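In each ligand, atom 1 is the first atom listed, and ligand 1 is the first ligand listed. Remember, it's a predicted structure, so these values are computed and weren't measured experimentally. Just the heavy atoms: all of them, side chains too, but no hydrogens, waters or symmetry mates, feed the values below.
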Amino acid sequence: MQLIDGNRIASDIIAELTATVAALPGRKPCLALVRVGEDPASVSYVKKKETTAATIGVTSRIILPPVTITQAGLEKLIDELNADPAVDGILVQSPLPKHLDELAIFRRVAPRKDVDGFNTINLGKVAQEDDTGFVACTPAGIMELLSRSGVDLKGKHVVVLGRSLIVGKPVALLALQKRAGANGTVTICHSGTHDLPAITRLADVLIAAIGRAEFVTADMVKPGAVVIDVGINRVPDATKKTGYRLTGDVHFPTVAPLCAQITPVPGGVGPMTVAMLMKNTVKARILSAAM
Ligand code: NDP
């Protein structure tokens with residue numbers, strides 16, 4: 001079994017981006033990070049994005065509207081960022097408080113600044129295999145992990161567990177694309193799928209993104225499969241100072257020995273998501289400079 005080291009691959013990408021940004025003429029790329037409220041996971045994700053941006057030479061602008069902000073207030077803020085020529089990319093940290101319509105906010109971000117890739121236009125471009133848009137960061141990170149680990153999906157059966165707009169659907173579309181490295185035969189499973197283990201056992205490449213701690217067990221995996229564990233789940237653990245530990249959607253101790261390659265949690269997909277956000281931000285700057 002070979003471990004797919006997301007930390008190492010992400011740091012390679014960050015080094016590549018640092019060199020690209022250093023060579024860019026004029027203003028450095030600028031990423032607006034909008035975080036509403038104090039959800040502890042969101043606080044740490046935004047902090048990580050801010051520090052990674054600083055490493056690369058990307059300017060970040062942190063915007064912290066009060067948790068009481070209205071839908072109209074947040075939409076006005078997005079409109080201002082859309083119109084601001086000094087801002088290249090906009091990220092609205094998910095999840096938003098329950099009183100806000102998250103999908104409407106994702107749609108409000110101008111497609112050319114939508115470095116999270118959640119706008120309707122950018123999701124549509126993934127379906128159309130149009131490279132001029134932005135691919136959502138976690139699915140893009142998964143594809144990058146696979147290609148940099150020597151996994152070619154051509155002719156492989158790729159089973160995606162989960163159909164969210166953030167991970168499951170876009171990664172399934174990417175794996176399906178008719179291009180080098182992709183070209184997989186893709187099955188998408190969800191909570192309505194019958195006899196899930198019978199389907200997951202057919203997977204040459206299994207991508208688990210359901211948000212259920214250690215759900216994928218050894219009996220669900222074909223020996224020799226490549227397993228990508230997207231899940232980030234907090235499990236109570238009295239031995240930890242924080243009172244919890246992070247675990248994926250895959251039961252790593254029993255599944256890993258079966259696999260050809262597998263991502264750990266943490267240290268697999270997670271670091272790639274941030275790296276791909278930076279890649280999209282640099283792309284947004286290059287595109288805006290060309291306009
Ligand atoms: P969502 O909750 O939006 O979607 C979960 C999907 O899994 C749904 O399609 C749901 O089916 C399906 N599902 C849930 N339970 C089952 C089940 N028992 N059997 C089969 N399918 C099931 O989650 P996300 O896609 O946003 O995230 C998934 C996981 O990935 C989470 O742990 C999240 O924290 C993590 N994540 C990690 C990221 C990273 O950077 N590493 C980034 C984003 C997410 P249905 O549609 O029928 O409800």
(message) Any atom of ligand 1 sitting under 4.0 Å from a heavy atom of G168?
(response) no

(message) Less than 4.5 Å apart, side chain to side chain, heavy atoms only: is that true for T59 and L31?
(response) no

(message) Quick test of your reading of the model: are D131 and K125 salt-bridged, counting only N-O distances below 4.0 Å?
(response) no

(request) Look at R112 together with D88 and state whether they make a salt bridge at an N to O cut-off of under 4.0 Å. (result) no

(message) For atom 13 (N) of ligand 1, which of the options V274, I210, T247 provides the nearest non-hydrogen atom?
(response) I210

(request) List every atom of ligand 1 that sits less than 4.0 Å from any heavy atom of G270, numbering the atoms from 1 in the order shown and giving each element. (result) 40 (O), 41 (N)

(message) Please report whether atom 9 (O) of ligand 1 has a protein non-hydrogen atom at a separation of less than 4.0 Å.
(response) yes

(message) Using side-chain heavy atoms (C-beta onward) and a distance below 4.5 Å, is V158 in contact with I207?
(response) yes

(message) To check your reading of the model: name the closest protein heavy atom to atom 43 (C) of ligand 1, its residue, and the distance in Å.
(response) V167 CG2, 3.8 Å

(message) Check contact between T193 and ligand 1, using heavy atoms of the residue and a distance below 4.0 angstrom.
(response) no

(request) Give the residue and atom name of whichever protein heavy atom lies nearest to atom 26 (O) of ligand 1, and the separation in Å to one decimal. (result) S164 OG, 4.0 Å

(message) Under 4.0 Å from a heavy atom of N233: which atoms of ligand 1 are those, numbered in the order shown and with their elements?
(response) 32 (O)

(message) Can you confirm, on distance only, whether ligand 1 has an N/O atom lying under 3.5 Å from any N/O atom belonging to I232?
(response) yes

(request) Please work out which of R163, H190, K169, R234 has its closest non-hydrogen atom nearest to atom 21 (N) of ligand 1. (result) H190

(message) Closer than 4.0 Å to some heavy atom of T273 - which atoms of ligand 1 meet that?
(response) 39 (C), 40 (O)

(request) Salt-bridge test for R148 and E16: reply yes if a basic N is under 4.0 Å from a carboxylate O, no otherwise. (result) yes

(message) Does this structure show an ion pair linking K279 with E144, if we count only N-O contacts that are shorter than 4.0 Å?
(response) yes

(request) Please could you name the atoms of ligand 1 that G211 approaches to less than 4.0 Å, counting only its heavy atoms? (result) 28 (C), 29 (C), 31 (C), 32 (O)

(request) Do me a favour and list the nearest non-hydrogen protein atom to atom 37 (C) of ligand 1 with residue, atom name and distance? (result) V230 O, 3.1 Å

(message) I need the atoms of ligand 1 closer than 4.0 Å to a non-hydrogen atom of G162, numbered in the order shown.
(response) 6 (C), 7 (O), 9 (O)

